[in-house]
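Numbered from 1 within each chain, the chains take letters A, B, ... in sequence-line order. We use all heavy atoms of the structure for the numbers below, so side chains are in, but hydrogens, waters and symmetry mates are not.
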2 protein chains.
Amino acid sequence: MNQATPIRPDYEGELRKAGVRITRPRKVILSILAEAGDHPDALEIFKRAVEIDSGISLSTVYRTMKLLEGVGAIHRHAFEGGPSRFEPAGVEHHDHLIDLDTGQVIEFHSERIEQLQQEIARELGYDIVHHRLELYGRKRRGKGLRGG
Amino acid sequence: MNQATPIRPDYEGELRKAGVRITRPRKVILSILAEAGDHPDALEIFKRAVEIDSGISLSTVYRTMKLLEGVGAIHRHAFEGGPSRFEPAGVEHHDHLIDLDTGQVIEFHSERIEQLQQEIARELGYDIVHHRLELYGRKRRGKGLRGG
DNA sequence: ACTTCAGTTGCAAACGATTTGCAATTGCAT
DNA sequence: ATGCAATTGCAAATCGTTTGCAACTGAAGT
């Protein structure tokens with residue numbers, strides 16, 4: 001039920017082909033994204049980047065995220081009330097459940113829901129370009145479950 | 001398929017009961033919200049408010065929106081890449097389809113999708129506090145349809 | 001109607017997230 | 001190596017929104 005961080009061996013080559021120049025800061029950021037199992041925001045990426053190369057600036061992180069987003073290498077998610085968070089693209093499409101207490105992001109997918117969305121849009125005379133489905137919730141503390 | 005702007009005759013009274021003092025600017029803002037068939041953002045509400053009472057400030061609009069949201073009188077929607085937009089509460093729960101070309105917001109509801117969301121959350125061990133389902137699309141320009 | 005005072009306002013400044021201008025730097029094709 | 005456009009870091013600017021503060025006002029009491 002989880003992603004497998006599919007880092008193709010020549011990710012950089014692909015990007016270069018897409019017209020992205022592989023600079024030092026971008027290398028660092030890419031490596032961070034590749035390893036990230038969570039959905040870090042720009043500041044978090046910046047912090048992790050600085051650990052590797054102290055010269056990197058936050059602006060560069062933002063610029064790089066925008067660039068990668070444009071090339072389709074990453075997805076940007078603007079969850080409720082927080083900064084944008086990113087995840088490498090290339091994983092199957094999925095939606096998100098956000099743990100309101102921890103901020104943890106859990107991925108899920110429902111083909112059935114996707115279908116229903118299509119139907120609804122069609123009925124309204126629209127083509128879906130993309131959608132956003134986010135569930136905001138708390139760990140169930142029902143019987144039989146140890147409290148978190 | 002649309003809302004009926006359910007303005008209970010004593011809306012102000014209700015608010016007062018909720019501990020909200022009915023001031024001049026709030027009266028104006030409330031009247032705007034009651035009439036709004038669209039989903040205006042704070043600036044738009046401010047503009048409409050100024051037409052009625054030129055003394056109103058944008059801060060007051062923001063403060064009032066936050067207050068009304070807290071009391072449950074309105075809902076705030078942070079659609080993609082734009083400022084928050086508001087709508088009076090009290091209408092049946094619904095999700096939104098946003099026209100990418102016009103920004104127009106179309107409301108819809110699918111009990112089936114709601115159910116599926118519940119199921120998914122439950123399977124993941126969560127209780128849904130609330131969710132966000134937004135479809136971003138364009139008017140279908142398929143055969144047989146006049147271009148819009 | 002008059003007083004009272006906490007709640008509310010307008011203004012301007014502060015805010016957090018993000019973008020941008022610019023001069024200095026650096027990939028990478030030659 | 002060389003050259004130049006792409007990229008960088010920095011600081012300042014931007015956008016939407018919030019906040020401190022002194023002046024004002026709703027509404028409860030007289």
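Nucleic acid contact class of B:Gly55 (heavy atoms, under 4.0 Å, all strands): sugar-phosphate only. Backbone-only contact: A:Ile56 has heavy atoms under 4.0 Å from sugar-phosphate atoms and none from a base. The residue B:Leu43 sits apart from the nucleic acid: no heavy atom pair falls under 4.0 Å. Counting non-hydrogen atoms under 4.0 angstrom, A:Ser59 reaches a base of the nucleic acid. Using a 4.0 Å heavy-atom distance criterion, A:Arg63 is classed as a base contact.
Of the side-chain N and O atoms in B:Arg16, none sit less than 4.0 angstrom from OP1 or OP2 of D:dG26. Considering only side-chain N and O atoms, B:Arg21 lies nowhere under 4.0 angstrom from the phosphate OP1 or OP2 of C:dT9. For C:dT18, the OP1/OP2 oxygens have a side-chain nitrogen or oxygen of A:Ser84 closer than 4.0 Å. In this model, the phosphate group of C:dT18 is not approached by any side-chain N or O of A:Lys66 to a distance below 4.0 Å at OP1 or OP2.
Mapping A:Thr60 and B:Ile22 onto DNA chain D by nearest heavy atom places A:Thr60 closer to the 5' end of the strand. Where A:Gly19 and B:Pro25 meet DNA chain D, the nucleotide closest to each residue was compared, and A:Gly19 sits on the side nearer the 5' end. Comparing A:Phe86 and B:Val20 against DNA chain C, the residue whose closest nucleotide sits nearer the 5' end is B:Val20.
For A:Arg132 (side chain) and B:Arg132 (main-chain N/O), no donor-acceptor pair under 3.5 Å exists by modelled atom type. Using a distance-only test at 3.5 Å, with no hydrogens or angles considered, no donor-acceptor pair links the side chain of A:His131 to the main chain of B:Leu133. Although no hydrogens or angles enter the test, the distance criterion places a donor-acceptor pair under 3.5 Å between the side chain of B:His94 and the main chain of B:Glu92.
In this structure, CG of A:Asp41 is placed 7 Å from P of C:dT18, rounded to the nearest angstrom. At whole-Å resolution of the value, OH in B:Tyr62 and C1' in C:dC15 are 13 Å apart. Protein atom CG of B:Asp53 is 17 Å distant from nucleotide atom P of C:dT8, rounded to whole Å. For the pair B:Arg26 CZ and C:dT9 C1', the computed distance is 9 Å after rounding to whole Å. Summarising the geometry, the separation between NZ on B:Lys27 and P on D:dA27 is reported as 7 Å, rounded to the nearest angstrom. The nearest whole Å value for the distance from the CG atom in B:Leu15 to the P atom in D:dA27 is 11 Å. A straight line from CG of A:Leu58 to P of D:dG9 spans 10 Å, rounded to a whole angstrom. Rounded to whole Å, atom C1' of D:dT19 lies 16 Å from atom CG of B:Leu67.
Nearest nucleotide to the side chain of B:Ala42, out of D:dA27, D:dT17, C:dG27: D:dT17.
The shortest side-chain heavy-atom distance between B:Arg112 and A:Gln115 does not fall under the 4.5 Å cut-off.
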Exercise. Kindly indicate, with the supporting measurements, whether the criterion side chain to side chain contact (heavy atoms under 4.5 Å, CB included) is fulfilled by A:Leu15 and A:Leu68.
Key: CA-CA 9 Å; A:Leu15 287 175; A:Leu68 294 178; 4.2 Å; yes

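Contact detail for B:Gly103 and B:Arg85: the closest heavy-atom pair is O-NH1, 3.0 Å.
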